[in-house]
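Reading through the structure tokens given below for one structure.
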Amino acid sequence: MTAPRSVVFVAPRLGGEGAAGGAETLIRALAEKAAEAGLDTALYTTCAVDHFTWANERPPGERRIGRLPIHFFPVDSGRNIPRFLQAQERLFRGCRSPDDEATWLKESVCSRALLEALRQRSWDRIVVGPYLFGLTVAIGREFPDRTILLPCLHDEPFARLSVFRSVFQSVAGLIFNSAPEQRLAARLYGIPLGKGRVVGMGLDPFDADPAAFAVRHGITQPYLIYSGRREPMKGTPLLLDYLAAFRSRTGRDIRLVLTGSGDPAIPPSLQGYVLDLGFVSEAVKREAMAGAAVFCHPSLYESFSIVLMESWMAGTPALVRASCEVLREHCEHSGGGLWFRHYPDFEECLLRLLDSAELRRAMGLTGREYVRREYAWPVIVGRLMEALAAFGP
Amino acid sequence: MSLNVHIGAEGINVAALMDEIRQTVARKMADGVYQDVRVAAAERTNLSQIADQDQFFALYLASLREMAAIDINDFPITERRRFLAPLLIRLKTLIWNLLKFYTYRLWSQQNQVNALFLALIEELDGKYRRRIEALEARIRELESRPREQGS
């Protein structure tokens, strides 16, 4: 196998803008770094912005950002969204049937125009992700010998669909975001360790004023922060329930700051104690993180967690779900966070952190050091180049 | 290329800290500190994760037992507006007493259903726990038998 000269990255939506998820942000960031490293690189994506409607909101065509040409292709029209959602709901509940799998795949997001563009030019490598899209499956099936799958895999019911087993097994290689994600792929699909590489995402160091956010919003009490999509899959209802119980049981006046997309249902007992900012700029998010007592990540489904790295870079310790192996392992390796199985753990961990500014400072610093050591861009680019060279025809 | 992750950052031993926290939690759990309806309510979205933790699941069921019987008299009737507050409270109390008179039967039935479901869950939990214990004892017994020649 030889090092590739050209590589195209494919994501269902353009990352790094608006409501795009972490996977799309990661793929765009890796594409930009590959272009900066001198590879002939492009990013193919769809014209969609909203991940509920998948309407073609952007014009098709090419746009260049820095060194990276980005090609936009329309999402296929004629999807039967109600049928897709019905099948998805049944599959999520673990009711797997071949019919539902076929319906889900047929009605999932795809782009014939994007596939045609891949046929027109013979890229040395196609890096595509995340795994849970018809577009990803179609590319994996049509160009298996050149495709490197970047799955962003979670331990969720969809991961057990038979279609993904065949795609994971047939592609040339896999890029994982973390070692637990790689182990999950080995458990679910029997993927040998040698067929994958752990790359992750780099973070540029930043400094943020820890006092600025609280002063601007008139917050005088200590606060927790969560950033990201606010939805059941990410555990935000659990965080709100736990915080309500914590405030009521301990009598501590601790607040919660939320940033990101989604509409969290704030329980009546927390009205006035949760500051929901929705989308904020990177600078505001970093200041909010830097000023927080603790960054709490209640999600079970993570393959990397960019926001956890950002909170550590901001010098803030973390509190994460023990059942999420990825988050827990980051905390174990870094020393920058604690983890909880249930409410009693949550209460005890939070009390420890709130009661010791010294512990919070030390854990924040060790978390920051971990990100700077393990997820500096030069380290990540090195891992990416090695993975691109390792898998291919 | 392998990931050379440096485990155990200097100065912070989170594994030891977590061990200590878990010991504290286990002690408090044994002392009944978490036997609280607020804890049970907070776990409503975490049931799939706690079901395999025996000590906490038993505590969860105990907390649920406190929640199962709904007391329709367990909240004070208040009035935020200071103007005519005593009169408004009397009016609200009167309306509530009327409502209570007509809905008491429904509440009572709901309490019975809650109690039945809870009893069923406890029974199932106990039944499967006993079955698992019996199977584990059987496995231990089989494993302790000397292996037969040639098997």
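So that the names make sense, note that chain A is the first sequence line, chain B the second, and so on, each numbered from 1. These figures come from a predicted structure and were not determined experimentally.
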Point to revise | Closest heavy-atom pair and its distance - A:A245, B:R38 | key: CB-O, 3.9 Å
Practice item. Taking all heavy atoms of B:A42 and all of A:L238, pick out the closest pair and write down the distance. Key: O-CD1, 4.5 Å
Revision key, fill the gap. Taking every heavy atom of A:P237 against every heavy atom of B:T45, the minimum-distance pair comes out as CB-CG2, 4.2 Å
Point to revise | Which atoms of A:L300 approach chain B - backbone, side chain, both or neither, heavy atom under 4.5 Å | key: side chain
**Study point:** Separation of B:Q23 CD from A:E348 CD (nearest 0.5 Å)
**Key:** 11.5 Å
Review point. Just wondering, are more than 12 heavy atoms of other shown residues or ligands nearer than 6.0 Å to CH2 in B:W96?
Key: yes
Point to revise | Any donor-acceptor pair under 3.5 Å from B:E43 side chain to A:Y343 backbone | key: yes
Review point. Below 4.0 angstrom, N of the basic side chain to O of the carboxylate: do B:K28 and A:E347 qualify?
Key: no
Exercise for review: Return yes when atom CZ of A:F158 has more than 12 non-hydrogen atoms of other residues, nucleotides or ligands closer than 6.0 Å, and no otherwise.
Suggested key: yes
Exercise for review: Please examine the side chains of B:N46 and A:D241, heavy atoms only from C-beta on, and report whether any two atoms are closer than 4.5 Å.
Suggested key: no
Practice item. Check whether A:A387 gets within reach of chain B through its side chain, its backbone, both or neither, counting any heavy atom under 4.5 Å. Key: neither
Practice item. Report the C-alpha separation of B:Y34 and A:R249 in whole Å, then their side-chain angles, then the decisive distance to 0.1 Å, and conclude whether the side chain to side chain contact (heavy atoms under 4.5 Å, CB included) test is met. Key: CA-CA 10 Å; B:Y34 304 113; A:R249 277 173 52 83; 3.3 Å; yes
Study note, to complete from the structure: Counting heavy-atom pairs under 4.5 angstrom with chain B, the leader among A:A322, A:G336, A:S323 is A:S323
Point to revise | Shortest non-hydrogen separation from A:A362 to B:I12 and the atoms involved | key: CB-CD1, 3.5 Å
Review point. Going by heavy atoms in the side chains, are B:V39 and A:H342 under 4.5 Å from each other?
Key: no
Check your understanding: Once you round to the nearest 0.5 Å, how far does CZ of A:R352 lie from OG1 of B:T24?
Key -> 4.5 Å
Practice item. Using modelled atom types only, decide if a donor and an acceptor are shared between the side chain of A:D345 and the backbone of B:M18 within a distance under 3.5 Å. Key: no
Practice item. Please indicate whether B:R90 has more than 12 foreign heavy atoms, meaning atoms of other residues, nucleotides or ligands, lying under 6.0 Å from its CZ. Key: no
